[in-house]
Structure formats: structure tokens, C-alpha cells
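Because only heavy atoms are used, hydrogens play no part in the values below, and waters and symmetry mates are left out as well, while side chains stay in.
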Amino acid sequence: NKNAISLAISHDAGDADDSWVRVYLVDAVTGRVLHSAVHTGCAGPVTLLLGENWLVYEYWAVRQMQHQITVTEFYTNSSITDDILGLIMSGPVDYSQRENMFDSYAPAASSLYTLSQSYAFGAAVAAMGITHTAMGITPKNVLVATKAGQVLYFDKRLLDPRRPQVHPSKMSHADREEGLVPYMPTLGGVNHLTVISHKNAIGRPARVVTAPTTLESTSLVLAFGIDLFVSRVAPAKEFDRLNEDFNFVALVGATVFLIVATVGSGWYSDRKDLVRAWK
């Protein structure tokens, strides 16, 4: 739903019993509340990030005395079959049909099925963003700017409400094939291996903005507040770019050798056939 907007209201009464955080997903066209959630015993400020069909937000849990990140994914029914054979036999989807088009006034637009999970996090979040690539094929990373001025990234698979709440040895074969990560109640602290700002600290980060590049694997990141910080991230590694230390001399040498070997072997084979023919 491209018309969806997210907003949050917090009430900090100083007491865990009277504090709460309310999060809403609203259709900006119809004004209908598509989803709402209440977290009692929690307080703001609340940092929101609305993605394709999911919402991630961070807030302060008063009772647990920790920062929490909640992720919610939204699903709706569709006329498109989910059967593999049916998808093959039906051919391409005809989006000119009304049932295959999105309509904010359709009853299905407001009847969403939701999944949610929450995780503890070891730092206060000032802003969040999501990586964007040219074709949208590369897996997503969630970018987080902490109030301490660090910018780090999370694999979106860690913020997935479908993470199975079982021991890794008891995961189903389907979950393993899909690459789901077993649920853990915490995301841990700040992993320095995921900090893209390195030793740089951004003063009072306010927003994280991303933009695609000509390379599908790479996304540009801009975090700004008092300071400006620009970097690039590759969520699935740089699969479409050679490393800077790539041995081009060896590549050229191997190519020249193969060309010479191919021409030489052909010439030798033709000469051998000619000598055999004169005998």
C-alpha cells in the first residue's frame, strides 16, 4: 500500500504502569486505521521505519529498562494463486483486472493479517533507513543510526517476525530452505563489524537516506544531523564488482595463453592432416 503512513504516540507518566506507546498504520487516502498496536509499560521517543510490507520501530521498555525493536509484517489475500502449477498454467498476471489492482477503498485493503516480534537492543536509536538498489533484487539491510553517533546495519532476516521460536535443531526443512533465523529475544549490543561509520561519530543524527547506484549490489547511505556522513553498503557482498586487489595481469596472461594455445593447436592439427593426406 503506497498510501500507508505510520505514526506513533507515547505517554511517559514516569511510572511503568501508566506509560504506554501506541503505533498506527493509516491509509492516507481513506483515513482508515489499517493496524494499531499498544505497548504498555513503555515510553518514547519512538523511531519508525516503514518498508515494503513491514514496519520496524524502536522504543524504551520501562519495566525491562532496555531499548526494544518491534517488527510487524502485513499480509492480505489476493486473487493470485499461490499454487506453483497454477502460476505456471495461468501465465502472467493481468493487472488491468480490478481484483489484481490495489484499491484503498476495497474491503481487502483494510483487512490485514499481521505478524509481530520484539527484540531487545543495546543502544538508543535516533534514525533508521533501508537500503535501495537499482533493480531491487539484492536483499535488504536495515540501517540504524544510534544516538551515540554510530551508523550500523542489520540483515533484514534478523528483523523477521516469522523467525521460528524453536531450537535450531528442531527447525523445519521449509524454514531452513527459506533461510529463516531462529528467534532470539535480543539483537545484542552494537557489533563493531556491522558499524559502517567506523571510528567516525555523527553529531545528533536525525535521518538516514539511501539511494541506488549503477551496481545492483551497492547502495549509497547518507546519515546527517549536525554532521554529514556518506558511505556505501553491499548487503549481499559486491557480487557484480571485482575486488581492488584483483590480479588483472594474471587474467590477461591466461586469456592470451588460451588464444595462443587455441590458434597453435589448430595450426598444428591442420598441418598434421595435410602431411597425412600427402602420404
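In plain terms, the two heavy atoms of Ile196 and Ser231 that are nearest each other are O-OG, 4.3 Å. Nearest approach of Arg176 to Met171, heavy atoms of both residues: NE-O, 3.5 Å. When every heavy atom of Asp273 is checked against every heavy atom of Arg276, the shortest pair comes out as OD1-NH1, 3.0 Å. Shown here for Pro205 and Ala145, the closest heavy-atom pair between the two residues is CB-CB, 3.9 Å. Listed here is the closest heavy atom pair of Ser197 and Gly149: OG-O, 4.3 Å. Listed here is the closest heavy atom pair of Thr218 and Thr133: O-CG2, 4.1 Å.
Side-chain N or O atoms of His167 include one that pairs as donor or acceptor with a backbone N or O of Ser169 at under 3.5 Å. A donor-acceptor pair under 3.5 Å is formed between the side chain of Asp227 and the backbone N or O of Gly203. Put simply, the side chain of Thr47 gets close to the backbone of Val125: a donor and an acceptor are under 3.5 Å apart. Formation of a donor-acceptor pair under 3.5 Å by the Ser269 side chain with backbone atoms of Ser265 is not found in this model. Put simply, the side chain of Asn53 gets close to the backbone of Phe74: a donor and an acceptor are under 3.5 Å apart.
A 4.5 Å side-chain heavy-atom check between Val142 and Leu49 finds at least one atom pair inside the cut-off. For the pair Gln117 and Arg162, the minimum side-chain heavy-atom distance is 4.5 Å or more. Contact of the Leu115 side chain with the Thr72 side chain is not registered, since no non-hydrogen atoms from C-beta on lie closer than 4.5 Å. Residues Leu34 and Tyr24 form no side-chain contact, since every pair of their non-hydrogen atoms from C-beta on lies 4.5 Å or further apart. Side-chain atoms of Arg163 and Met184, non-hydrogen and from C-beta on, do get closer than 4.5 Å to each other.
Between the side chains of Thr70 and Ser118, at least one donor N or O sits under 3.5 Å from an acceptor N or O. Under 3.5 Å, the side chains of Thr138 and Glu216 contain a donor-acceptor pair of N or O atoms. Using modelled atom types, one finds a donor on one side chain and an acceptor on the other under 3.5 Å when comparing Thr210 with His132. In summary, the side chains of Ser172 and Asp175 do present a donor paired with an acceptor at a separation below 3.5 Å, with no hydrogens or angles considered.
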Derivation of the side-chain hydrogen bond (donor to acceptor under 3.5 Å, both in side chains) call for Ser219 and Thr131
CA-CA 6 Å; Ser219 176; Thr131 56; 5.3 Å; no

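In this structure, CG in Leu25 is found 10.0 Å from CG in Leu48, a value given to the nearest 0.5 Å. The CG atom of Leu187 sits 11.5 Å away from atom CG of Asn191, with the distance rounded to the nearest 0.5 Å. Note: Trp54 CH2 to Ile130 CD1 = 3.5 Å, rounded to the nearest 0.5 Å. The OG1 atom of Thr255 lies 6.5 Å from the CD1 atom of Ile259; values are rounded to the nearest 0.5 Å. Between Lys156 atom NZ and Leu158 atom CG the span is 9.5 Å, to the nearest 0.5 Å. In this structure, OH on Tyr57 lies 10.5 Å from CE on Met128, to the nearest 0.5 angstrom.
Evaluated for a side chain to side chain contact (heavy atoms under 4.5 Å, CB included) with Arg22, the options Val38, Val46, Leu7, Thr40 yield exactly one hit, Val38. Paired with Asp160 under the rule side chain to side chain contact (heavy atoms under 4.5 Å, CB included), one option of Leu180, Val181, Asp155, Val71 passes, and it is Leu180.
Ring planes of Tyr183 and Tyr119: tilted class, angle from 30 to 60°.
Counted within 6.0 Å of CZ on Arg204, heavy atoms from surrounding residues, nucleotides or ligands total 12 or fewer; the atom is thus considered open.
Checked against a 6.0 Å centroid threshold, the rings of His39 and Tyr59 count as neighbours. Separation of the Phe121 and Phe154 ring centroids falls under the 6.0 Å cut-off.
A continuous path of hydrophobic side-chain contacts links Ile202 to Val208 [ILVMFWY only; heavy atoms under 4.5 Å].
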